[in-house]
Amino acid sequence: MRKRTIWMLVALVILLLGVAGAYTAIGMHYQTHFFENVVINGFDVSDLTAAEAEKLIADKAEDYRIAVTTREGTQEVIEGSEIGYRFVSHGEVQEFLEQQNIFTWLPAFFGSGSSYTVDVSMEFDEALLNQAVSRMDCMDSAQVTSPRNAFVEKQADGTWTIVPEVEGNELDAKKVSDLIRERVEHGATGVNLEESGCYTEPSVRADDGALRAEAAVRNRYGSITVTYEMGGGVTEVLGPETITEWFSIDENMQPVFDREAVRAWVERFAQIYDTIGTWPAFVTSNGETVYPEARTYGWQMDQETETEELYNILMAGESVTRSPVWFESARTRMGKNGDIGDTYVEIDYTNQRMWYYKDGVLLVETPVVTGNVSAGNASPEGIFCIVGKEENAILKGEDYETPVSYWMPFYGGVGIHDADTWRTSYGGDIYQWGGSHGCINTPTAQAAVIFQNIDAGTPVVCYSSGINYGYSQIGTSGGGTQSSTPGVTDGDIVIIDGGGGTASAQEDWADESVYQPEAGQEEFPITIEDGWSDESLGDETVIY
């Protein structure tokens, strides 16, 4: 039993020595050969000598190519032959072999193996590589779409929406070149440009918070309308199409309006609707059309105040309906005779005649005496308005102090007032040599009617007619003077109303009809005042 045990031990030792010898012998093989599962630059060099591995790497280098995958999923291939790719041994493969421990060949056999990279031994022409990269389709500018940031855009319906970003396919040429060079240096056979971050990217995307805030602000302020009610049924709408041209957003997403653009718009707006300083057409009581300047009566916008009002409305971001701020305003717009309406005073300097209409009804028609032309005191022409009225006023000038019963000023010191206390006749050509200091001298009875029915703001239209209609000079009761009616000379008989108003004529009388005198008297032509009706004479005064 003892011997048997000894022999068994001897056999075991011999076996172990045999196994050890065999393991060592195999390990000695790996002094000159690579272990199993060894890769160099992507090539399997298992059980190859250093020389065989170098030859394999060199042979494989001739077949080298690198596939470049684009964002669209297409691939472009750069061949090793295009870039002068080749293997040049510098002893690195031998160094990898010498690093092996021959006694670890068995774990290496069953293990995951080792991978080495020969950097300095793989050579290529960098200039040729750059040329190959630039020739790729993905680098062709004709096939490239640049990225575009998301932005806010106005739509056809006037709203603002966010237009999404465009990714595009534009590559960063330097990144691509550097990446492919680095991968070729390591013998890599593929590269993904998208995964490697080689594409240029939009910097603003549709989910950007600032962009959403901008869209919200633009939708609020870009939909504002300001409706102006101009009177006479006329409206002017300032709409988004104009307002958005003045609008921008600051860095804090706050609205900003171009104040000077607002001011320029108000200025143009005023030029359209202001009437002071214009020469509107006016149809006179005689049917003539004249063009007096609107001097103090009419519409004139307060441009500075209106600019500020409009700017503040825009900043508030709310649509409104309003009227402009006016320095001067008329009683009507687009009515009878434009701004004048149907309540006004009309004064014809040529014919020395005045009319007063109230609500379209003629209350007064009377001869007057206006400013003394020969003395340089001609009454002003234009469209004015009554600025007030006063009873028992005292008119003062450099050389006079005159009490009047009815005072109705309309332009500086010029106004309408009674004058019977010093005048006995009105109309004709008195104004040319014996006129007033500029005021409208009016028979007291007629001045009273006007005074009792007029109020401040009533327009006064003063003009010189281009036609002399032949109105006669009219005297007041108890006095008289030579008629200034054209064609009437000394010896003619003119019949006028003793109160200074419109005269009446006998039935069937006409201009230049002959008065039938008593026997023995001379015949005299009778001049009938324009507008007389066929009625019996009232309180008449005969001037001759």
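Throughout, numbering of the chain's residues begins at 1 and tracks the sequence.
- No side-chain N or O of Tyr411 forms a donor-acceptor pair with one of Ser379 less than 3.5 Å apart.
- Across Ile467 and Thr350, no two heavy atoms sit closer than the pair O-CG2, 3.9 Å.
- Tyr297 contributes a side-chain N or O that, together with a main-chain N or O of Asp339, makes up a donor-acceptor pair within less than 3.5 Å.
- Phe410 has its side chain out of reach of Thr296: every pair of non-hydrogen atoms, C-beta onward, lies at least 4.5 Å apart.
- A side-chain donor from one of Asn130 and Ser177 sits under 3.5 Å from a side-chain acceptor of the other.
- The CH2 atom of Trp265 lies 12.5 Å from the CD atom of Glu245; values are rounded to the nearest 0.5 Å.
- Scanning both residues, Arg295 and Ile276, for their nearest heavy atoms gives O-CG2, 3.5 Å.
- Sorted by first and then second residue, the side chain to side chain donor-acceptor pair (under 3.5 Å) pairs with a member in residues 66-80 read Arg65-Glu79, Thr69-Gln75, Thr70-Glu72, Thr70-Thr74, Arg71-Glu194, Arg71-Glu201, Glu72-Asn169; sequence neighbours excluded.
- The backbone N or O of Glu260 sits nowhere less than 3.5 Å from a side-chain atom of Trp246 that would complete a donor-acceptor pair.
- Of the inter-residue distances, the one linking Gln131 atom CD with Ile78 atom CD1 reads 11.5 Å to the nearest 0.5 angstrom.
- Under the 3.5 Å distance criterion, the side-chain polar atoms of Thr284 are matched with a main-chain donor or acceptor of Asn286.
- A donor-acceptor pair under 3.5 Å is formed between the side chain of Tyr221 and the backbone N or O of Met315.
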*Given the rule in the side chain to side chain contact (heavy atoms under 4.5 Å, CB included) test, do Tyr273 and Trp299 qualify, once you have shown the distances and angles that lead to the verdict?*
CA-CA 7 Å; Tyr273 288 100; Trp299 298 90; over 6 Å; no
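- The minimum heavy-atom distance linking Leu48 with Asp44 is given by the pair CD1-O, 4.2 Å.
- Put simply, the side chain of Arg333 never gets that close to the backbone of Val234: no donor and acceptor are under 3.5 Å apart.
- At least one donor-acceptor pair under 3.5 Å links the side chain of Ser323 to the backbone N or O of Glu229.
- Remark: Arg205 does not engage Asp208 in a salt bridge, criterion side-chain N to carboxylate O under 4.0 Å.
- Here the straight-line distance linking atom CG of Leu171 with atom CG of Asp140 works out to 11.5 Å at 0.5 Å rounding.
- A donor-acceptor pair under 3.5 Å is formed between the side chain of Glu346 and the backbone N or O of Ser285.
- Across Tyr64 and Gly187, no two heavy atoms sit closer than the pair CE1-O, 3.5 Å.
- For the residue pair Val176 and Cys198, the shortest heavy atom distance occurs at CG2-CB, 3.8 Å.
- Considering only heavy atoms from C-beta on, Asn149 stays 4.5 Å or farther from Glu165 through its side chain.
- Listed for the Glu214 side chain is no donor-acceptor partner under 3.5 Å among the backbone atoms of Met253.
- For the pair Glu318 and Ile224, the tightest heavy-atom approach, listed with the atom from each and the gap, is O-CG2, 3.9 Å.
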*Should Arg331 and Thr458 be marked as a side chain to side chain contact (heavy atoms under 4.5 Å, CB included) after you check the CA-CA gap, both sets of side-chain angles, and the distance that decides it?*
CA-CA 8 Å; Arg331 291 190 168 186; Thr458 300; 3.4 Å; yes
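- Side-chain contact between Pro147 and Glu170 is present, with at least one heavy-atom pair separated by less than 4.5 Å.
- Sequence neighbours left out, not one pair with a member in residues 123-173 passes ring-ring contact (aromatic ring centres under 6.0 Å, His included).
- With sequence neighbours left out, the side-chain contact (heavy atoms from CB on, under 4.5 Å) criterion links Ser248 to Val256.
- Using a 4.5 Å cut-off on side-chain heavy atoms (C-beta onward), Trp326 and Pro324 make contact.
- A donor-acceptor pair under 3.5 Å links the side-chain atoms of Asp274 to the main chain of Met301, judged by distance alone.
- When side chains are defined from C-beta on, Ile83 does not count as touching Asp125, because their heavy atoms never get closer than 4.5 Å.
- Between the side chain of Ser196 and the main chain of Leu193, no donor-acceptor pair closer than 3.5 Å is present.
- Between Tyr228 and Glu306, the side chains place a donor N or O and an acceptor N or O closer than 3.5 Å (distance only, hydrogens not considered).
- At a threshold of 4.5 Å between non-hydrogen side-chain atoms, the residues Phe247 and Val217 count as touching.
- Considering CD1 of Ile347 and OG of Ser464, their distance stands at 11.0 Å, rounded to 0.5 Å.
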